[in-house]
Protein chains: 2
Amino acid sequence: MADSRIQSRNRAAILEAGLEIFSRHGFRGATLDQIAAEAGLSKPNLLYYFASKEAIHRTLLLGLMDTWLDPIRRIDPQGEPLAELLAYVSRKMALTRQYPRESRLFANEILQGAPHIADTLSAELKTLVDALADQMQAWIDAGRLAPVDPHHTIISIWALTQHYADFDVQVRAVLDSDDPLDRAEAHVTQLFQRLLQPVD
Amino acid sequence: MADSRIQSRNRAAILEAGLEIFSRHGFRGATLDQIAAEAGLSKPNLLYYFASKEAIHRTLLLGLMDTWLDPIRRIDPQGEPLAELLAYVSRKMALTRQYPRESRLFANEILQGAPHIADTLSAELKTLVDALADQMQAWIDAGRLAPVDPHHTIISIWALTQHYADFDVQVRAVLDSDDPLDRAEAHVTQLFQRLLQPVD
DNA sequence: CGTCCATTTTACCGATTGGTCAAATCAGCG
DNA sequence: CGCTGATTTGACCAATCGGTAAAATGGACG
């Protein structure tokens, strides 16, 4: 009795439309009519698949969290410290470039004070970050990483990678329009290389 | 025939209330009733002082731009390159710490695609940034600054400083609660010092 | 005090919003 | 085909939204 083909197709269309609209206008700025139009369904038909506007939003955010936390999980404690962290930076950059709407959806939620995911943040996310911070501290103590504040370094990685997706308009306004976004990744990589490379 | 005392007092109260509400809920998320309540006025009384909800928002954004662009204007081309840039970073950090609501107001606007200030961004802001980038390139050519991409370095400064104000909830969720925000400034300063310090 | 203009309030409006409900339609299946 | 449950639609609703009109109030000044 799982989802029928039509069920899963429409649910997917609604989530796709919701992502598009929510990421562009925020939760309050988005309307069910907009989402319905984007999904090619009528408004009451939307509400046949999701109980409420908030349900669509919640489903999107929860589904997003796993994808968003994945790059940090793939850091290998056995690997070469600098290479592992730069690979993490690279994965995060790729993520924001591939999923800018997801990034803005997340940014909107945090900006409003994270009313829907505050618990996930202080539980799941904090656990992951603390573990990585401990790992980094161990690397620092072993002289394999420059002495930096682990927590703030992780925050810096988020700040830089997310900025290119979330503040896209500002970035484009300031860069020459023909300036490719590739330079962004090169620059961010260089930045963290200089910060993290241990000096003997 | 300038503003009477009561005029300027109420206009100020409305802008203060608008800043509080807009920065917390975004433009569409904020309501005139909320702003009126926060300002201690009735809704029609609000509209006696400002023609519309958008007028309040526009006034706030325009008034903010000057303050926000000030730190970049105070960079001295005659000064010592690294010291000048680190002082700029420090001023920006102080700004976001002192005016987090203004920072979030700005962030909300950019996230929605900067519908109200797109022209200011691509004109005034771009001019300032291009000038600073030229200055930095000259410093780099003179060997007084490490070879970095000037534009992306400026963007990095914004990304890091704004992040602490705009993503405050996430930052607090991840840091130990007794961890003072001072460490943020120390970390960011260290980061840009390592990035920008020329190596002979 | 009375006048005049600035200020404030009360009552209201049309549009939009998220959401409901019952009827209509459709798809699969014997 | 004819039945049955899943899906879709049109009509509608109460609440909230930004904003208006006009009357009421307040304050400064002669």
Side-chain angles (χ1 to χ4, degrees), chain A residues 1-62 105 108-109 112-113 115-117, chain B residues 1-62 105 108-109 112-113 115-117:
Chain A
M1 249 291 240
D3 287 353
S4 69
R5 241 182 347 279
I6 192 165
Q7 276 263 357
S8 55
R9 171 168 48 87
N10 280 344
R11 282 185 66 94
I14 292 170
L15 288 177
E16 159 68 23
L19 176 60
E20 181 71 23
I21 303 297
F22 280 134
S23 71
R24 285 222 307 262
H25 305 291
F27 180 76
R28 281 251 1 216
T31 72
L32 286 180
D33 293 278
Q34 286 176 304
I35 299 175
E38 179 84 17
L41 299 173
S42 67
K43 184 169 62 171
N45 206 5
L46 269 203
L47 295 162
Y48 174 73
Y49 290 99
F50 289 89
S52 67
K53 179 185 180 182
E54 220 199 301
I56 304 176
H57 192 249
R58 194 180 333 119
T59 303
L60 280 170
L61 271 181
L62 290 185
L105 182 75
N108 260 308
E109 174 70 7
Q112 308 311 321
H116 302 101
I117 53 169
Chain B
M1 248 300 239
D3 287 353
S4 66
R5 241 183 347 278
I6 192 165
Q7 275 263 357
S8 54
R9 170 168 48 86
N10 280 345
R11 281 186 66 94
I14 292 170
L15 289 177
E16 160 68 22
L19 176 60
E20 181 71 24
I21 303 298
F22 280 134
S23 70
R24 285 221 307 260
H25 306 290
F27 180 75
R28 281 238 21 202
T31 72
L32 286 180
D33 293 278
Q34 287 177 302
I35 300 175
E38 179 82 20
L41 299 173
S42 67
K43 184 169 60 171
N45 205 5
L46 269 204
L47 296 163
Y48 174 73
Y49 291 99
F50 289 89
S52 66
K53 178 185 180 181
E54 220 199 301
I56 304 176
H57 191 249
R58 194 181 331 119
T59 303
L60 279 170
L61 271 181
L62 291 185
L105 183 75
N108 261 306
E109 174 70 7
Q112 306 310 319
H116 302 99
I117 54 169

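In what follows, chains are A, B, ... by sequence order, proteins preceding strands, each numbered from 1.
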Just list the side-chain donor-acceptor pairs under 3.5 Å for residues 41-51 of chain B, sequence neighbours left out, or say none.
from: B:Ser42; atom 1: OG; to: B:Asn45; atom 2: N; distance (Å): 3.4
from: B:Tyr49; atom 1: OH; to: B:Asn10; atom 2: ND2; distance (Å): 2.9

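OP1 or OP2 of D:dT8 has not a single side-chain nitrogen or oxygen of A:Tyr48 nearer than 4.0 Å. Between B:Asn10 and C:dT8, a side-chain N or O to OP1/OP2 separation shorter than 4.0 Å is present. At the phosphate of D:dT7, OP1 or OP2 sits under 4.0 Å from a side-chain N or O atom of A:Gln7.
Taking the nucleotide of DNA chain D with the nearest heavy atom to each of B:Ala30 and A:Leu46, the more 5' of the two is matched to A:Leu46. Mapping A:Thr31 and B:Asn45 onto DNA chain C by nearest heavy atom places B:Asn45 at the nucleotide closer to the 5' end. Between A:Ser42 and A:Arg28, the residue anchored closer to the 5' end of DNA chain D is A:Ser42, taking for each the nucleotide with the nearest heavy atom.
Closest contact between the side chain of A:Pro44 and the listed nucleotides D:dG19, D:dT7, D:dA11 involves D:dA11.
At a threshold of 4.0 angstrom between heavy atoms, the contacts of B:Leu32 are confined to the sugar-phosphate backbone, with no base atom among them. The residue B:Tyr49 sits close only to the backbone: its heavy atoms come under 4.0 Å of sugar-phosphate atoms, none of a base. Across all strands, A:Ala36 comes closer than 4.0 Å to no nucleic acid atom at all (heavy-atom distances).
Between B:Lys43 atom NZ and D:dG19 atom C1' there is a gap of 7 Å when expressed in whole angstrom units. Rounded to an integer number of Å, the gap from A:His25 NE2 to C:dT16 P is 16 Å. The nearest whole Å value for the distance from the CD atom in B:Gln34 to the C1' atom in D:dT16 is 11 Å. Note: CZ (B:Phe27) to C1' (D:dC17) measures 12 Å, nearest angstrom. The NZ atom of A:Lys53 sits 12 Å away from the C1' atom of C:dT16 (whole-angstrom rounding). Taking atom CZ of residue A:Arg9 and atom C1' of nucleotide C:dA27, one finds them 12 Å apart after rounding to whole Å. One atom, CG of A:Asp33, and another, P of C:dG19, lie 11 Å apart when rounded to the nearest Å. At whole-Å resolution of the value, CG in B:Leu41 and C1' in C:dA6 are 15 Å apart.
Residues A:Ile14 and A:Ile35 approach most closely at O-CG2, 4.2 Å, considering heavy atoms. The nearest pair of heavy atoms linking B:Ala30 to B:Ile21 is CB-CG2, 3.5 Å.
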Q.
side-chain contact (heavy atoms from CB on, under 4.5 Å) for B:His25 and B:Gln34? Distances and angles first, verdict last.
A. CA-CA 10 Å; B:His25 306 290; B:Gln34 287 177 302; 3.7 Å; yes

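For B:His57, the ring pair (Phe, Tyr, Trp, His ring centres under 6.0 Å) partners at least two apart in sequence or on another chain are B:Phe22, B:Phe27, B:His116.
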